[in-house]
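Given the structure is predicted, the values throughout are model-derived calculations rather than measurements. In this chain, numbering begins with 1 at the start of the sequence shown.
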Amino acid sequence: MRGGLSKTLALVGAAGLLAVSACGNSDDSGGGGGNSSATKDVTVFTWWADGGEKAGLDGMVSVFKNDCKDYKFVNSAVAGGAGSNAKQVLANDLQAGKPPSTFQAHAGAELSDYINAGQVDDISDLYKEFGLDKAFPQNLIDNLTIDGKIYSIPANVHRANMVWTNPAVMKKASLDAATAPASVDAWIADMDKLKAAGVKAPLAISKGFAQEMVMEVVLLAELGPDSFKGLWDGKTDWAGANVTAALNKYKKLLSYTNTDREAVDWPDALGYLNKGQAAYFVMGDWVAAQQLADKVPDTAYTYWPAPGTAGNFQFLSDSFVLPTNGPDPDGTKCWLKTVGSADGQKAFNTKKGSIPARSDADPADYPKYQQSAMADWKKDKIVPSCAHGAACTLGQNNDILSALSQFSGSQDVAKLQSALGTAMKTS
């Protein structure tokens, strides 16, 4: 699952903005990165230390140990600070020229920070060597490509444009929890019905990236996938009237949310949904595998793509890189091969709750929600998430988060729109 990144934490060190957070220690070793004393050690820096994340990592490690017997997996995770300690350790190691064998980072534009700093290598050739150019869908590869090159191999795919509902709350307004409203306008109309039925805050939300996710699904619904993608690659004008209209609808949606949205984190907002205090919650699909794992789908909750976004799969992906001048690159390449392999992705994703990036995975190996996500992954148009690193750099994203935090109080659409456009002009 993903977490919000504060501007202070993201701007670590003079070398730039780093995309990795981590927490916890694991079986094989503790501490940060750096060159391992054993030439056959493969030091893997991740933020997967607990719950389904650690179970998924353990599954992938078991495949690595079988397929890469000449190498020893060394887990390099850093506990505490909701990832801030890990970011500092990694920043220090990279700036000192002592990278781990590999580290986890969001796939897509967020990698630009490492690329620009000369800290990761182009691994486009590994895609052909490992057959990933055939195993991964082409539109995913397009989203991973930066200036004609690919710098990471995704271990999984999460979906961002999902709404989770409480059927019991929706029943108060005679709404069908199994059916998504056809548009943002229809969704707003349903929220009016819920308020009339006594639900004070139909849409649960929290501070930081959760607000960005709501804004993104509104922009995607109102602009369509091509113009939405254009917001991040410069082809769509942030000052356009269509963006203004979408942001006004985002403003309207905020009027249906909990008033403490700037004081709570997303698990707390999900708690409002679970307790029957809200009808809707926009969050990535890690929710189903972890926070809703003890609840019965279709009874305790339902889910659907955000209104107006059906047919679009807004993706984010945890991936691994080949650090420049890292220790034992051959061992790292063996790890990367495991990450992209059918066995590695199955061992990881069946426990993590995400879906494999590969198109040849068997849906029968996965529970109901993941089966539906896998089907959509194959047929939907793939669009990136800025909130989770696929569409924008950390610097751009932190400026966006700052603008959204200010907007939460000011409600000044013109000021927000200007700030968003300025954020995307930064490098």
Side-chain angles (χ1 to χ4, degrees), residues 2-22 32-34 44-47 76 78 81-124 142-155 158 160 208-209 212 216 229 231-234 315-326 332 336 384-403 420 422-427:
R2 308 269 73 78
L5 295 169
S6 71
K7 192 165 187 176
T8 300
L9 292 179
L11 295 167
V12 178
L17 303 158
L18 295 174
V20 174
S21 63
V44 180
F45 193 103
T46 81
W47 59 79
S76 180
V78 178
S84 61
N85 293 348
K87 287 192 288 286
Q88 187 63 65
V89 169
L90 182 62
N92 291 342
D93 287 345
L94 291 177
Q95 291 174 32
K98 298 179 179 180
S101 303
T102 184
F103 58 86
Q104 181 185 0
H106 291 154
E110 192 172 287
L111 289 173
S112 297
D113 300 312
Y114 299 107
I115 297 167
N116 293 338
Q119 295 169 331
V120 294
D121 287 348
D122 172 16
I123 57 171
S124 303
D142 292 342
N143 276 283
L144 296 174
T145 302
I146 300 173
D147 295 330
K149 300 177 182 179
I150 304 177
Y151 292 87
S152 70
I153 293 178
H158 276 299
F209 79 101
E212 186 175 5
E216 283 191 347
K229 290 179 70 173
L231 291 171
W232 316 112
D233 63 19
F315 93 102
L316 56 130
S317 176
D318 300 304
S319 67
F320 287 89
V321 301
L322 180 63
T324 301
N325 297 322
T332 300
L336 293 175
S385 165
C386 174
H388 300 284
C392 62
T393 70
L394 269 173
Q396 292 167 336
N397 191 45
N398 277 276
D399 287 344
I400 289 172
L401 288 171
S402 178
L420 294 173
T422 299
M424 289 309 300
K425 292 177 183 177
T426 62
S427 59

Completion exercise
Distance col, row Ile123:CD1 vs Ser319:OG, nearest 0.5 angstrom, shows 8.0 Å
Handout entry: Separation of Thr324 OG1 from Asp122 CG (nearest 0.5 Å)
Key = 10.0 Å
Practice task
Would you check if Phe45 and Asp93 make a side-chain contact, meaning some heavy-atom pair closer than 4.5 Å?
Solution key: no
Handout entry: Minimum heavy-atom distance Ile400-Ala423, with the two atoms named
Key = CG1-CB, 3.8 Å
Problem - By side-chain hydrogen bond (donor to acceptor under 3.5 Å, both in side chains) - contacts of Ser112 (at least two apart) - result: none
Fill in the blank from the handout: To the nearest 0.5 Å, atom CD1 of Ile146 lies from atom OG of Ser124 at 10.0 Å
Practice task
Kindly indicate, with the supporting measurements, whether the criterion side-chain contact (heavy atoms from CB on, under 4.5 Å) is fulfilled by Val120 and Phe103.
Solution key: CA-CA 10 Å; Val120 294; Phe103 58 86; 3.8 Å; yes
Problem - Test side-chain contact (heavy atoms from CB on, under 4.5 Å) applied to Tyr114 and Val321, step by step - result: CA-CA 10 Å; Tyr114 299 107; Val321 301; over 6 Å; no
Handout entry: Side-chain touch Asn397/Glu212, heavy atoms, less than 4.5 angstrom
Key = yes
Practice task
Could you grab the distance from atom SG of Cys386 to atom CG of Leu231, nearest 0.5 Å is fine?
Solution key: 10.0 Å
Exercise for the section: Mind checking the CG-CG spacing from Asn325 to Leu322? Nearest 0.5 Å is all I need. Expected result: 10.0 Å
Practice task
Indicate the atoms forming the closest heavy-atom contact of Ala387 with Phe209, along with that distance.
Solution key: CB-O, 4.4 Å
Handout entry: Validation row: Leu394, His106 side chains within 4.5 angstrom (heavy atoms)
Key = no
Practice task
Taking Thr332 for its side chain and Ser101 for its backbone only, find out whether a donor-acceptor pair lies under 3.5 Å.
Solution key: yes
Exercise for the section: Please round to the nearest 0.5 Å and tell me the distance separating atom CE of Met424 and atom OG1 of Thr393. Expected result: 7.0 Å
Exercise for the section: Evaluate the side-chain proximity of Ser152 to Phe320: yes if any heavy-atom separation is below 4.5 Å, no if none is. Expected result: no
Handout entry: Nearest heavy atoms of Pro384 and Asn143, plus distance in Å
Key = CD-OD1, 3.7 Å
Problem - Asp147 atom CG, neighbour heavy-atom count above 12 within 6.0 Å - result: no
